[in-house]
A.B. asks: 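Starting off with a structure, shown below.
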Amino acid sequence: MHIVVIGTGIVGVCSAAWLQRDGHRITFVSREPAGEACSFGNAGSLSPSACLPVGMPGMWKQVPGWLRDPEGPLTIAPSYLPFMAGWLLRFLRHSRPQEVVRIATALRSLLAPIFDSYGPLLEHAGAQDWVRRTGCLYVYGSPESARRWQWGMDLRRSLGVQLRDIGREELEALEPDLRGKFRFGILAPENGSTLDPSRLVKALHAQCVADGAQERLDEVTGFARQGDAVRGVRLASGETLACDGVVVAGGAWSGALTRELGLSVPLETQRGYHVTVQSSNLQLRHTVMASEYNLMVNPMASGLRLAGSVEFAGLKPPPNYRRAEVLLKKGQEMFPHLDTTRTTQWMGHRPCLPDSLPVIGRAPRLANAWLAFGHGHLGMCGGASTGREIAHLVAGRATQVDLTPFRPDRF
């Protein structure tokens with residue numbers, strides 16, 4: 001079949017790569033070149049352990065304080081709050097303990113095969129060097145501090161995540177640059193990361209093109225339908241691109257496209273920020289998650305990436321780089337000796353749903369339209385396994401992951 005894949009982020013590119021393995025002909029349609037947007041600026045984590053939803057039990061008690069704190073991990077633009085009210089209520093409902101267990105179980109099923117799903121694609125594209133499997137360290141000021149997050153860690157363990165407690169001496173031996181601030185850690189040895197998420201996506205996309213994929217830099221405005229089938233994709237240029245099927249993997253812009261297919265989903269954009277310290281003098285060997293700072297730190301080819309801020313303000317307003325400056329300040333608190341002579345800032349739109357689960361499945365009432373978006377901060381983690389499952393759906397095969405929790409019409 002000729003399948004149009006809308007989006008050239010990690011989810012769209014992995015979906016195309018897996019579909020090509022089944023012999024399908026691919027045309028990408030994207031607003032911008034491959035490997036940009038969130039696939040450029042994410043934290044680069046490839047973490048089977050990252051199965052907890054954003055909304056956790058008791059979080060509602062912290063939200064008011066976060067919103068009052070200009071340096072807190074969450075901010076909502078006042079003018080956007082009326083648009084967020086219904087979404088936030090759904091989010092809070094999904095943060096109850098029994099819901100968190102259900103969501104984490106589903107996410108674990110999607111994330112556990114990260115490296116099995118990426119493996120064939122990386123090998124085919126010769127991109128293995130952009131991925132490493134050195135583990136992730138969750139670090140805390142003390143064992144007592146770590147107990148604040150124990151419920152979530154125990155849930156991870158119950159779902160099969162490998163976690164090992166690390167005392168102060170071993171922690172400092174593993175990462176000397178953590179000396180002084182952190183006295184306790186938990187090592188997730190299964191985890192990995194990418195040295196450059198943008199280059200990884202570009203390498204996979206380039207292999208798709210080498211294997212025959214076409215690409216159109218354009219915006220999708222709608223679809224030509226006949227009965228229960230999509231027969232074409234309408235472009236802003238005025239052209240209708242004929243196709244035998246379509247995969248919507250347009251990230252935060254997927255909501256409008258999905259409505260054109262007859263389905264409404266509560267898709268929001270987490271405006272995520274990062275700072276990359278290009279002049280970094282640190283020698284970190286692991287990805288580091290500092291829960292007390294709400295900060296993920298990843299040593300990359302371009303420098304030390306600091307990420308962890310969330311802002312809700314919609315797709316249109318310009319970036320508020322005060323959020324990135326807060327990340328840098330936290331990084332300097334964590335690492336007082338960090339050289340911050342040269343830094344870059346970034347903001348991108350993470351597509352998120354109130355239950356922290358992506359949409360993966362066939363569009364209801366349509367025979368040849370598949371949806372793959374809403375991964376939030378787990379796009380790199382879930383991109384390859386999502387692509388593999390989309391290929392199974394297109395082929396009519398049984399999926400390797402139970403996709404019931406991710407079904408598009410669950411809302």
Side-chain angles (χ1 to χ4, degrees), residues 1-41 121 124-125 127 197-226 229-263 267 269 315-316 348-349 351 359-360 362-363 366-375 379 383-384 386-387 390-391 393-394:
M1 291 198 297
H2 174 213
I3 299 176
V4 171
V5 175
I6 303 172
T8 51
I10 188 62
V11 177
V13 168
C14 286
S15 296
W18 276 104
L19 287 165
Q20 282 184 318
R21 293 170 66 86
D22 281 342
H24 298 293
R25 182 164 64 92
I26 301 297
T27 297
F28 290 108
V29 179
S30 179
R31 301 157 56 96
E32 52 192 326
E36 302 299 324
C38 278
S39 289
F40 172 85
L121 308 185
H124 184 54
S198 180
R199 291 190 185 183
L200 174 60
V201 175
K202 289 179 185 297
L204 296 176
H205 175 266
Q207 186 60 55
C208 288
V209 172
D211 291 338
Q214 302 293 310
E215 182 173 24
R216 300 291 297 273
L217 285 177
D218 209 330
E219 184 174 355
V220 176
T221 59
F223 303 92
R225 293 167 55 177
Q226 182 179 2
V230 173
R231 296 303 181 196
V233 175
R234 295 194 178 100
L235 307 180
S237 61
E239 180 184 354
T240 297
L241 186 62
C243 64
D244 301 310
V246 62
V247 174
V248 177
W253 287 267
S254 298
L257 298 175
T258 304
R259 285 192 294 274
E260 290 288 326
L261 294 173
L263 177 69
L267 184 68
T269 166
L315 290 167
K316 295 181 179 179
H349 296 279
V359 163
I360 308 171
R362 184 170 59 83
L366 289 170
N368 64 341
W370 297 272
L371 309 178
F373 59 82
H375 292 70
T386 297
I390 288 292
L393 290 174
V394 172

A.B. asks: Taking the side chain as C-beta and beyond, is there a heavy-atom pair between C14 and L204 under 4.5 Å?
C.D. replies: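 They are in contact (side-chain heavy atoms under 4.5 Å apart), so the answer is yes.
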A.B. asks: Closest approach of E36 and K202, non-hydrogen atoms and distance?
C.D. replies: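 It is OE2-NZ, 2.9 Å.
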A.B. asks: Could you tell me whether a side-chain N or O of R199 sits under 3.5 Å from a main-chain N or O of A203, the two making a donor and an acceptor?
C.D. replies: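 No; judged by distance alone, with no hydrogens or angles, the pair does not exist.
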A.B. asks: Drop me the distance from T386's OG1 to I360's CD1, to the nearest 0.5 angstrom.
C.D. replies: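 Answer rounded to 0.5 Å: 3.5 Å.
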A.B. asks: Can you see which heavy atom on V13 is nearest to which on F28, and at what distance?
C.D. replies: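 That would be CA-CE2, 4.1 Å.
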A.B. asks: For G35, is there any backbone N or O sitting under 3.5 Å from a side-chain donor or acceptor partner on S198?
C.D. replies: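 A pair under 3.5 Å: yes.
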A.B. asks: Could you pull out all donor-acceptor pairs under 3.5 Å where a side-chain atom in residues 2-9 meets a protein atom, sequence neighbours excluded?
C.D. replies:
from: H2; atom 1: ND1; to: A242; atom 2: O; distance (Å): 3.1
from: H2; atom 1: NE2; to: T27; atom 2: OG1; distance (Å): 2.7
from: T8; atom 1: OG1; to: S30; atom 2: OG; distance (Å): 3.0
from: T8; atom 1: OG1; to: E32; atom 2: O; distance (Å): 3.4

A.B. asks: Between P351 and G251, what is the shortest heavy-atom contact and its length?
C.D. replies: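 Scanning both residues completely, I find the closest heavy atoms to be CB-C, 3.5 Å.
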A.B. asks: Minimum heavy-atom separation for I10 and G383, please, with both atom names.
C.D. replies: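 Looking at all heavy atoms of both residues, the shortest contact is CG1-CA, 4.4 Å.
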A.B. asks: Would you indicate whether the side-chain heavy atoms of L267 and T258 approach each other to under 4.5 Å?
C.D. replies: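 Side chain of T258 against side chain of L267, heavy atoms only: no contact under 4.5 Å found.
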A.B. asks: In Å, rounded to the nearest 0.5 Å, how long is the span from CG of L241 to CZ of R231?
C.D. replies: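 Separation between the atoms: 14.0 Å.
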A.B. asks: Less than 4.5 Å apart, side chain to side chain, heavy atoms only: is that true for S254 and L371?
C.D. replies: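 A side-chain contact under 4.5 Å is absent here.
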A.B. asks: Please collect all side chain to side chain donor-acceptor pair (under 3.5 Å) contacts where either partner lies in residues 15-25, sequence neighbours excluded, each pair once.
C.D. replies: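 Counting only pairs at least two positions apart or across chains, the side chain to side chain donor-acceptor pair (under 3.5 Å) contacts touching residues 15-25 are D22-R397.
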A.B. asks: Who passes side chain to side chain contact (heavy atoms under 4.5 Å, CB included) against A224, sequence neighbours left out?
C.D. replies: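 Counting only residues at least two positions away or on another chain, A224 forms a side chain to side chain contact (heavy atoms under 4.5 Å, CB included) with R234, T240.
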A.B. asks: What are the two closest non-hydrogen atoms of L393 and R362, and how far apart are they?
C.D. replies: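 Minimum heavy-atom separation between L393 and R362: CD1-N, 4.4 Å.
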A.B. asks: Would you say the side-chain atoms of N368 pair up with the backbone N or O of D244, donor to acceptor, closer than 3.5 Å?
C.D. replies: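 Confirmed, N368 side chain pairs with D244 backbone.
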A.B. asks: Indicate the atoms forming the closest heavy-atom contact of V248 with F223, along with that distance.
C.D. replies: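 Distance-wise, the nearest heavy atoms are CG2-CZ, 4.4 Å.
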A.B. asks: Could you state the interatomic distance from CZ (R31) to CG (L217), rounded to the nearest 0.5 Å?
C.D. replies: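 So the CZ of R31 and the CG of L217 are separated by 11.5 Å.
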A.B. asks: Are R225 and L366 packed together at the side-chain level, in the sense that at least one heavy-atom pair is separated by less than 4.5 angstrom?
C.D. replies: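 Of all side-chain heavy-atom pairs linking L366 with R225, at least one is under 4.5 Å.
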A.B. asks: So I390 and V11, do their side chains get closer than 4.5 Å, heavy atoms only?
C.D. replies: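 No, every pair of side-chain atoms sits at 4.5 Å or beyond.
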